[in-house]
Chemist: 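Structure incoming, see below.
The sequence lines fix the lettering, A, B, ..., with proteins before strands; numbering per chain opens at 1. Hydrogens, waters and symmetry mates are skipped; everything else that's a heavy atom, side chains included, is used. Here the structure is a predicted model, which means the values were calculated and not measured.
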Number of protein chains: 2
Amino acid sequence: MDGALNRNTVHRLVRYLRVLEQLKALGFLKVFSNNLGDAIGVTAAVVRKDLAQIEAVGNKRGGYNIDPLIERISRLLGRDKRQYAVLVGCGRLGSALLDYPGFEADNIEVSAGFDLRPEAVNHSGSVPIYPVDKLEEYLEAHDIPVGILTVPDNAAAEIFDRLVAAGIVGVLNFTSLQLKPRPGTETDESERRCFVENISIGLELANLFYLVRMYASM
Amino acid sequence: MDGALNRNTVHRLVRYLRVLEQLKALGFLKVFSNNLGDAIGVTAAVVRKDLAQIEAVGNKRGGYNIDPLIERISRLLGRDKRQYAVLVGCGRLGSALLDYPGFEADNIEVSAGFDLRPEAVNHSGSVPIYPVDKLEEYLEAHDIPVGILTVPDNAAAEIFDRLVAAGIVGVLNFTSLQLKPRPGTETDESERRCFVENISIGLELANLFYLVRMYASM
DNA sequence: TAGATTGTTAATCGATTAACAATC
DNA sequence: TAGATTGTTAATCGATTAACAATC
């Protein structure tokens, strides 16, 4: 019974999975909700609820078997199949993400980058970079669900719309704009629902400065 | 009456501020809770509550005056003074963040980078990069509250401990580890509370893939 | 069995939403 | 005044926490 997992739950599942793989590497066979909770910083009750929700069954005495748990979560996250994304905006941050080694662990691959500037175009790297003109053509040919947006803020809205129009249904947004899925025609033939995850680095940092300053006295 | 603002509230305040500055640039003088809410994707009631919490007063008829509101939020966020951070781990992602242009808008500056690899050391760039050996020395000399952590996962725990030991009280963590403030001696002389903001890019992307796959049919 | 852990229900907590009197 | 918006209270919602019976 899934499909109803919210973002927080999915976040935790990804984290459980990382821990479980480490435990497996160490030769562990079983794990208690208690340990798993400690490892990712939540209570045991949350772990048990999460696992119950994905229909993982534990043993009242021996905890959860690691192997089937890894299996279950991996499949749920789609990690048994390779997952492809494109990236638009190959500046400093964008090109750093283009061959970010951390994606491999989740079986995720950025298959192409796009940039407006002719000098950024480069077919010889590990990930090819195309002119942004070719975006629609590429997406039509490759059926890729997710886009990473690392363009300057002033280009964000336009590129976002183009991504959605080209069939992208999930966007990881690094611009400081709060993107909304199509403010335009909602009821139109293209009832496109696009999920957006906003990662605003400046905002997180500003938040951190506030917190440390505020609690500096304590 | 502040000091009790939680993370979500601070996040929203940063966003309000960005919108307010744009409105000011357009020549606006006043704004309604309604507009502000639309702009950042929350309801008007949330905006009014947030603003009441920071003791910003609005006019029952004319909404909120933009100038004093900018003033108030800016001071609250400490943006009237320049805020400095250091960065450890000058790999692809790290060096992209070293001179990330988006920090300037929040009056934040990364004053130094540190790296283990001798070839990364570089004093001629816009931000100097020192050997990681010099970390404690530098922090002792400069009294910087916040650190950005972009080292490989296997170095994360060690560097984090060193940062905290050297007086860092806020860490923006880009590794996939869930860092906790000192699992060690809590009651010791160094009752150091360190705030951590975790940004796990791979995790967000994995989450996005889950969402799009789950709602693909709908 | 005795001890320990799961699975689940009830209680708590906090944040969001709705509603509306006060008032410009 | 009439209309509209704030400031605030009450209601709702969801997620977290506590508790405990079931059971290995």
Chemist: Can you measure A:Ile54 atom CD1 to C:dT8 atom P for me and round it to whole angstrom units?
Modeler: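 Interatomic distance, CD1 of A:Ile54 to P of C:dT8: 14 Å.
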
Chemist: Show every ring-ring contact (aromatic ring centres under 6.0 Å, His included) that has at least one partner inside residues 7-35 of chain B, sequence neighbours left out.
Modeler: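 Those involving residues 7-35 of chain B do not exist here.
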
Chemist: Roughly, in whole Å, what's the span from CG in B:Asp50 to P in C:dT17?
Modeler: 12 Å

Chemist: Are any protein N/O atoms closer than 3.5 Å to N/O atoms in nucleotides 13-15 of chain D? If there are, list each pair with its distance.
Modeler:
| unit_1 | atom_1 | unit_2 | atom_2 | d |
| --- | --- | --- | --- | --- |
| D:dA15 | OP1 | A:Asn6 | ND2 | 2.9 |

Chemist: Measure across A:Ile54 and A:Arg72 and return the closest heavy-atom pair with its distance rounded to 0.1 Å.
Modeler: O-NE, 2.7 Å

Chemist: Who pairs with B:Glu197 by salt bridge (Lys or Arg N to Asp or Glu O under 4.0 Å), at least two apart in sequence or on another chain?
Modeler: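 Partners of B:Glu197 under the salt bridge (Lys or Arg N to Asp or Glu O under 4.0 Å) test: B:Arg7.
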
Chemist: ring-ring contact (aromatic ring centres under 6.0 Å, His included) with A:Phe114: which residues, sequence neighbours excluded?
Modeler: A:Tyr130, A:Tyr138

Chemist: Rounded to the Å, how far apart are B:Leu51 CG and D:dT8 P?
Modeler: 12 Å

Chemist: Does a side-chain heavy-atom distance below 4.5 Å link B:Ile148 with B:Phe174?
Modeler: yes

Chemist: Mapping B:Val31 and A:Val46 to their closest nucleotides on DNA chain D, which lands nearer the 5' end?
Modeler: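 Comparing both residues, the 5'-ward one is B:Val31.
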
Chemist: Within residues 22-30 of chain A, find the residues that approach DNA chain C with a heavy atom at under 4.0 Å, and present them sorted by residue number.
Modeler: none

Chemist: Residues two or more places apart in sequence or in another chain: which of them pass side-chain hydrogen bond (donor to acceptor under 3.5 Å, both in side chains) with A:Arg12?
Modeler: A:Asp50

Chemist: Starting from C1' on C:dG7, measure out to CG on A:Asn34 and report it in whole angstrom.
Modeler: 15 Å

Chemist: Does A:Asp143, at its CG atom, have more than 12 non-hydrogen atoms belonging to other residues, nucleotides or ligands within less than 6.0 Å?
Modeler: no

Chemist: Using atom CD of B:Glu55 as one end and atom P of D:dT8 as the other, report the distance to the nearest whole Å.
Modeler: 11 Å

Chemist: Could I get a table of every N or O pair under 3.5 Å where one atom is in the protein and the other is in nucleotides 19-24 of chain C?
Modeler:
none

Chemist: Between A:Phe195 and B:Leu211, which heavy-atom pair has the shortest distance, and what is it?
Modeler: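 Shortest heavy-atom contact: CE1-O, 3.7 Å.
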
Chemist: How close do B:Val132 and B:Arg162 get, counting heavy atoms only, and between which atoms?
Modeler: O-NH2, 3.1 Å

Chemist: What distance do A:Leu203 atom CG and B:Arg18 atom CZ have between them, rounded to the nearest 0.5 Å?
Modeler: 5.5 Å

Chemist: When the distance from NE2 of B:His11 to C1' of C:dT16 is rounded to whole Å, what number comes out?
Modeler: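 From B:His11 NE2 to C:dT16 C1': 18 Å.
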
Chemist: Can you list the residues that meet the salt bridge (Lys or Arg N to Asp or Glu O under 4.0 Å) rule with B:Arg61, with sequence neighbours excluded?
Modeler: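 Residues passing salt bridge (Lys or Arg N to Asp or Glu O under 4.0 Å) with B:Arg61: none at all.
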
Chemist: Using the test ring-ring contact (aromatic ring centres under 6.0 Å, His included), find all partners of A:Tyr64 that sit at least two apart in sequence or belong to another chain.
Modeler: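 Partners of A:Tyr64 under the ring-ring contact (aromatic ring centres under 6.0 Å, His included) test: none.
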
Chemist: Has the side chain of A:Lys49 got a donor or acceptor that lies under 3.5 Å from a partner of the other kind on the base of D:dT17?
Modeler: yes

Chemist: Whole-Å distance between C:dT6 P and A:Phe32 CZ?
Modeler: 7 Å

Chemist: Through what angle, rounded to 10 degrees, does the axis of the helix from C:dG3-D:dC24 to C:dC24-D:dG3 turn between its ends, using five pairs per end?
Modeler: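 End axes: 0° apart.
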
Chemist: Which heavy-atom pair separates A:Val151 from A:Gly89 by the least distance, and what is that distance?
Modeler: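 Closest pair (atom of A:Val151, atom of A:Gly89, distance): CG1-CA, 3.7 Å.
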
Chemist: Among residues two or more places apart or on two chains, list those pairs meeting ring-ring contact (aromatic ring centres under 6.0 Å, His included) that have a residue in residues 77-100 of chain A.
Modeler: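 Checked against ring-ring contact (aromatic ring centres under 6.0 Å, His included) - neighbours excluded - the pairs reaching residues 77-100 of chain A are A:Tyr100-A:Phe103.
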
Chemist: What is the nucleic acid contact for A:Val42, judged by heavy atoms within less than 4.0 Å: base, sugar-phosphate only, or nothing?
Modeler: nothing

Chemist: Which of residues 62-70 of chain B have a heavy atom under 4.0 Å from DNA chain D?
Modeler: B:Gly63, B:Tyr64

Chemist: Could you report the tightest heavy-atom contact between A:Thr150 and A:Gly94, atom names first, then the distance?
Modeler: OG1-CA, 3.4 Å

Chemist: Measuring from atom CG of B:Leu13 to atom OG1 of B:Thr9, what distance do you get when rounded to the nearest 0.5 angstrom?
Modeler: 6.5 Å

